[in-house]
Amino acid sequence: ARTTSTFNYATYHTLEEIYDFMDILVAEHPQLVSKLQIGSSYEGRPIYVLKFSTGGNNRPAIWIDTGIHSREWVTQASGVWFAKKITEDYGQDPAFTAILDNLDIFLEIVTNPDGFAFTHSENRMWRKTRSRTSGSFCVGVDPNRNWDAGFGGAGASSNPCSETYHGKFPNSEVEVKSIVDFVNDHGNIKAFISIHSYSQLLLYPYGYKTEAPADKDELDQISKSAVAALTSLYGTKFQYGSIITTIYQASGGTIDWTYNQGIKYSFSFELRDTGRYGFLLPASQIIPTAQETWLALLTIMEHTLNHPY
Amino acid sequence: SCSSMRHQVLRISVDDEAQVQKVKELEDLEHLQLDFWRGPARPGFPIDVRVPFPSIQAVKVFLEAHGIRYTIMIEDVQLLLDEEQEQMFASQGR
């Protein structure tokens, strides 16, 4: 596609096509969008984050990432759709314009580039990073068990061959470390949203411990509103709650670490599950999935704008 | 890839914690090479597992022996993968 208007959002794309899309979007909206490289993956691929900003200096910001588990293709595809939506709605939708007039948005579409490339080349079902573990012939770490929040506890595996292998030490995966460094350097991220699929859930901390987060009531209320907004579009039913009470115990997770850093509005989505396709959600479902998820994201972003801390 | 030929994805329904634990036992049987798409969580929460063809019979016998209900969510993963690839190529062609 030579413009983001001719780009096909209703199909899955390769890493190269998504990276091309980013460059085209930046070229089309140089005043609004810039592309940052926050690191390089284990296999040397650039790790890009799109920054949406209308000015200011180190404004409070919202982080959204998709694709940290590479086989969850509807999340990267939704990330591409979100990027286009942001450029379309800024200046058009008053509520969203108010958000971007006061907050920056960072969007990492392909959070696990090596894994994503591998799902296109070798194994569509690949989930983890592609790092090598000395002493094991198994490859990869679960990037959502590698964060320094209850690292190595229950709900993660010490077996390199497991899909939930937590890695040798916290932040051992460059894909995770790149985000950790970015968040610490920025210092002013107020909401962090990590997007997965599939289970139709909106989750908040904690996963590694049963202790409720100090802001549980507020996070629960935001989740309720966000899920209501999402469901209002196509009737897709979502559950919400803390990770450990809603699904299972999972240690070393992304939003447990971000919440422990003081980023109060830390959430994780699990997108659509039609009960028929699992990770192989048909491409025809990308846009409706992205549309409904955007309504939930808007709810969280508006709350972040209206409740500075 | 041809390695997913006749892999099935089973959707398992667990009614109580004992059944959840039973399915977790399956997770530990590495030789079955199971790939949990939705892991064992809690009663009432669907568990989806991709089962390689050689392990299908053993898994179904295990589930039935313990009275654990399941349906076949995906009959043949490779067919869906092929459809996905065809859809992508057709779209790129357009």
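What you see is a predicted model, and the numbers here were worked out from it, not measured in a lab. Naming convention: chains lettered A, B, ... in sequence-line order (proteins, then strands); numbering from 1 in each chain.
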Could you tell me whether A/Phe269 and A/Phe267 have their ring centroids closer than 6.0 angstrom? no
By a 4.5 Å heavy-atom criterion (distance strictly below it), what part of A/Leu201 contacts chain B: side chain, backbone, both, or neither? side chain
Can you check whether A/His13 and A/Phe7 have ring centres sitting under 6.0 Å from each other? yes
Residues 52-73 of chain B: residues contacting chain A (heavy atom under 4.5 Å, by number): B/Met73
Does any pair with a residue in residues 276-286 of chain A pass side-chain hydrogen bond (donor to acceptor under 3.5 Å, both in side chains), and if so which ones, sequence neighbours excluded? A/Arg272-A/Gln285
Greatest number of non-hydrogen atom pairs under 4.5 angstrom with chain B, of A/Ser199, A/Gly278, A/Gly275, A/Pro282, falls to A/Ser199
Take A/Gln291 and A/Tyr234, measure what side chain to side chain donor-acceptor pair (under 3.5 Å) needs, and give me the verdict at the end. CA-CA 9 Å; A/Gln291 287 170 326; A/Tyr234 296 116; 2.4 Å; yes
Parallel, tilted or perpendicular: ring planes of A/Tyr198 versus B/Trp37, cut at 30 and 60 degrees: perpendicular
Quick one: which of A/Thr14, A/Asn159, A/Asp273 has the most heavy-atom pairs under 4.5 Å with chain B, could you say? A/Asp273
Between A/Gln249 and chain B, with a heavy-atom cut-off of 4.5 Å, which part of the residue counts as in contact: side chain, backbone, both or neither? neither
I need the single residue from B/Val51, B/Leu80, B/Leu79 that forms a side-chain contact (heavy atoms from CB on, under 4.5 Å) with B/Ile74. Which is it? B/Leu80
Honestly, is B/Arg38 close enough over B/Phe45, meaning NZ or CZ under 6.0 Å from the six-membered ring centre and within 45° of the axis? yes
Residues in residues 17-32 of chain B that sit under 4.5 Å from chain A, counting heavy atoms only: B/Glu30
Checking A/Ala10 now: which residues fulfil side chain to side chain contact (heavy atoms under 4.5 Å, CB included) with it, not counting sequence neighbours? A/Asn8, A/Ile287
By a 4.5 Å heavy-atom criterion (distance strictly below it), what part of A/Arg71 contacts chain B: side chain, backbone, both, or neither? side chain
A/Ile68 to A/Ser194 - nearest heavy-atom pair and separation: CG2-OG, 4.4 Å
Please work out whether the ring planes of A/Tyr9 and A/Phe21 are parallel, tilted or perpendicular, with thresholds of 30° and 60°. perpendicular
Interface moiety of B/Pro46 toward chain A, non-hydrogen atoms closer than 4.5 Å: neither
Could you grab the distance from atom CG of A/Leu15 to atom CZ of A/Arg45, nearest 0.5 Å is fine? 6.5 Å
Closest approach of A/Ala290 and A/Phe82, non-hydrogen atoms and distance? O-CE2, 3.4 Å
So, A/Glu270 and A/Gln200: side-chain donor and acceptor under 3.5 Å apart, yes or no? no
Check whether A/Ser121 gets within reach of chain B through its side chain, its backbone, both or neither, counting any heavy atom under 4.5 Å. neither
So which part of A/Thr246 gets closer than 4.5 Å to some heavy atom of chain B, the side chain, the backbone, both or neither? both
